[in-house]
Structures are given as C-alpha cells and as structure tokens.
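Per chain, numbering begins at 1; letters A, B, ... match sequence-line order.
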Amino acid sequence: MKKVSINHFSGDAVDLAKFLLGKLIEYKGHKAMIVETEAYKDDQASHANKITPRSEIMYSTHGHVYVYLIYGMYHCLNFTTNKGERGAVLIRALEPLEGLEEMHKRRKTDKIHNLCSGPGKLCQALNITKEINSTKIHDKLKLYHYKEIPEEDIHATTRIGITKALELPWRFYIKKNKFISKS
DNA sequence: TACTGGATTCACT
DNA sequence: GTGAATCCAGTAA
C-alpha cells in the first residue's frame, strides 16, 4: 500500500477533508478506512478560530496529528493542514477493517457499526489519545491510499457559521456507507 | 485561583 | 427527545 504524501496536507482544509475519504488509517495494529470527515478553518465555534497553546499546532504545522479531549471524556482525532494558515480536518467516522476484536473490547459492544461511527467512538476503538498529539503523520499514526471514492459517491453538507454568513464547516461522507455517524 | 462550557456519547423515558 | 457524565483549556480576576 502506498503512503499518503505529506504534500497533500499543505492545501485547503476543505479539499483535504474530501481527499481523506477512502484513505486507510493504521494505528497500533488496527486498520480502518475513513468514511466521514469535517473541515475546520474560519469557523468561530472551532479551535481554529484563535491561536492558543492548544490550537497553535493548527497554525504552525501541516500533516500533523491533533488530538484533544472533549467533554472531559472523549478524544477527537484531527489532521492539521493549510500550510501557513489555520486549518484542520476532524475525522468523524471510520470503517473498521483489522483489529476488530480489540475494538469490540474497548468499545464494549458487539455491534460492528457501533465501533467507529463517531469522533469519540473511533478514538476509543483505536486507543487514540493525546499521547500522539502533535506527532507527524506516519510517525505513530500511518495513512495509506486504499480506496478511490468516485465524486458521485461523496456527499457534502454545510453548516452556517455562527457569526459569519459563511457555510462552514464542510462535512463529507461516503454515500450509503453504514459506518458514518448519525448526528 | 476560580469559573465556564464544549467539534460527544449513552442511558433512560 | 432529554439529560447526565466528566475534565481541562481558556478566560477573567
């Protein structure tokens, strides 16, 4: 399998969000395909809106892993992008491929579609924690080309920005994929 | 130093 | 459909 080049992470977050669909994540012996993503850049509701020690990585790097804790209980996996500008792509759902037994154990469920169908769920299933925050892609978490997703199979949704009349962020998912999140 | 609230999930009704 | 769990980054003082 061919590694995804870091060069892909120097462009716009929206482009990257779309590009990442169908790519394969390998981490700690687990393999899973990305089926749902969300792009963040100028949205007031996102960490990308302001430079802080936590979000600094989104300004200063591209092609890095950005993991943070939400609601005190769940981790969210992001990739930084947009060289020279703020931006990140949140991974919202995965299709599990290998390492399912451990995923079931961690998630405490026997339903396969409940393993990685949400940002918090997939981090729990793959044991992704802040331990890999700010590491480079391919350093600990690896990313490979896996499946080409035709344009017509990609669904894009928008959300109106909180204070700006911008349609941000852009959420992308693979149509008819049973592993996408419900929300 | 203290307070506030969130890029979520799950149990319960 | 609603609310609780839970903790730390960000902010104000």
Side-chain angles (χ1 to χ4, degrees), chain A residues 9 12-21 23 25 27 32 34-82 85-96 102-135 137 141 154-174 177-183:
Chain A
F9 294 80
D12 191 77
V14 174
D15 293 335
L16 179 70
K18 205 168 163 184
F19 168 79
L20 285 174
L21 292 178
K23 300 296 176 289
I25 286 180
Y27 183 63
I34 300 172
V35 297
E36 187 175 347
T37 60
E38 201 162 276
Y40 285 88
K41 39 185 199 176
D42 270 337
D43 197 312
Q44 286 244 328
S46 87
H47 303 168
N49 189 52
K50 206 168 214 176
I51 304 179
T52 62
R54 178 170 66 167
S55 65
E56 192 267 342
I57 180 175
M58 282 193 278
Y59 291 79
S60 60
T61 71
H62 65 283
H64 279 61
V65 178
Y66 172 42
V67 181
Y68 62 88
L69 191 66
I70 186 70
Y71 298 114
M73 330 169 74
Y74 299 103
H75 293 277
C76 289
L77 171 66
N78 300 250
F79 296 128
T80 63
T81 182
N82 225 354
E85 289 184 50
R86 58 196 172 193
V89 175
L90 169 70
I91 307 303
R92 293 192 56 88
L94 302 172
E95 178 176 332
E102 270 203 67
M103 292 187 200
H104 280 294
K105 268 187 209 163
R106 286 208 198 86
R107 291 279 304 126
K108 298 183 176 73
T109 176
D110 51 6
K111 297 188 178 77
I112 187 167
H113 66 262
N114 206 17
L115 291 179
C116 303
S117 57
K121 294 179 187 177
L122 68 92
C123 287
Q124 197 176 29
L126 271 70
N127 200 17
I128 292 171
T129 64
K130 287 199 290 185
E131 174 195 342
I132 60 163
N133 184 39
S134 80
T135 60
I137 286 166
L141 185 147
I154 297 175
H155 189 271
T157 61
T158 62
R159 188 178 90 194
I160 305 299
I162 285 179
T163 58
K164 298 176 185 179
L166 292 173
E167 292 189 341
L168 289 168
W170 284 62
R171 186 181 292 186
F172 296 96
Y173 60 87
I174 301 173
N177 187 290
K178 60 178 174 179
F179 296 99
I180 57 174
S181 68
K182 282 179 186 169
S183 52

Identify the heavy atoms of [X] and [Y] that sit nearest to each other, and give their distance.
{"X": "A:Lys41", "Y": "A:Asp12", "result": "NZ-OD1, 3.0 Å"}
{"X": "A:Val65", "Y": "A:Ile57", "result": "O-CD1, 3.5 Å"}
{"X": "A:Ala13", "Y": "A:Val89", "result": "O-CG2, 3.4 Å"}

How is A:Gly120 classified with respect to the nucleic acid when contacts are heavy atoms under 4.0 Å: base, sugar-phosphate, or nothing? sugar-phosphate

Table of protein N/O atoms under 3.5 Å from nucleotides 2-5 of chain B N/O atoms:
none

Kindly state which residues belonging to residues 63-71 of chain A come within less than 4.0 angstrom of DNA chain B, counting heavy atoms of the residue only, listed by number. A:Tyr68, A:Ile70, A:Tyr71

Flag the pair A:Phe179 / A:His113 as yes when their ring centroid distance falls below 6.0 Å, and as no otherwise. no

Could you tell me how far apart [X] ([atom1]) and [N] ([atom2]) are, to the nearest whole angstrom?
{"X": "A:Leu77", "N": "B:dT8", "atom1": "CG", "atom2": "P", "result": "14 Å"}
{"X": "A:Asn133", "N": "C:dC8", "atom1": "CG", "atom2": "P", "result": "14 Å"}
{"X": "A:Arg54", "N": "C:dC7", "atom1": "CZ", "atom2": "P", "result": "16 Å"}
{"X": "A:Ile91", "N": "B:dT8", "atom1": "CD1", "atom2": "P", "result": "14 Å"}
{"X": "A:Met58", "N": "B:dA7", "atom1": "CE", "atom2": "P", "result": "11 Å"}

Distance-only, no hydrogens or angles: does the A:Thr81 side chain make a donor-acceptor pair with backbone N or O of A:Phe9 under 3.5 Å? yes

Does A:His64 use its side chain to pair, donor to acceptor, with the backbone of A:His62 at less than 3.5 Å? yes

Quote, to the nearest angstrom, the P distance that separates B:dA2 from C:dT6. 22 Å

A:Arg107 and A:Gln124: side-chain donor and acceptor closer than 3.5 Å? yes

Does either side chain, that of A:Ser117 or that of A:Ser181, offer a donor lying less than 3.5 Å from an acceptor on the other one? no

Mate of C:dT6 across any strand shown (Watson-Crick or G-U wobble, both atom pairs under 3.5 Å) is none

Go through A:Thr37 and A:Leu90 one step at a time and tell me if the side-chain contact (heavy atoms from CB on, under 4.5 Å) criterion holds. CA-CA 6 Å; A:Thr37 60; A:Leu90 169 70; over 6 Å; no

Tell me, with the steps shown, if A:Met103 and A:Cys116 meet side-chain contact (heavy atoms from CB on, under 4.5 Å). CA-CA 9 Å; A:Met103 292 187 200; A:Cys116 303; 4.1 Å; yes

Pick out the pairs of N or O atoms, protein on one side and nucleotides 10-13 of chain B on the other, that lie under 3.5 Å.
unit_1 : atom_1 : unit_2   : atom_2 : d
B:dC10 : OP1    : A:Arg107 : NH1    : 2.9
B:dC10 : OP1    : A:Arg107 : NH2    : 2.7

5'-most contact on DNA chain C: A:Met73 or A:Lys130, nearest heavy atom basis? A:Met73

Could you measure the distance from the OH atom of A:Tyr59 to the CD1 atom of A:Ile51? Nearest 0.5 Å is fine. 5.0 Å

Less than 4.0 angstrom between a side-chain N/O of A:Arg171 and OP1 or OP2 of B:dA7, yes or no? no

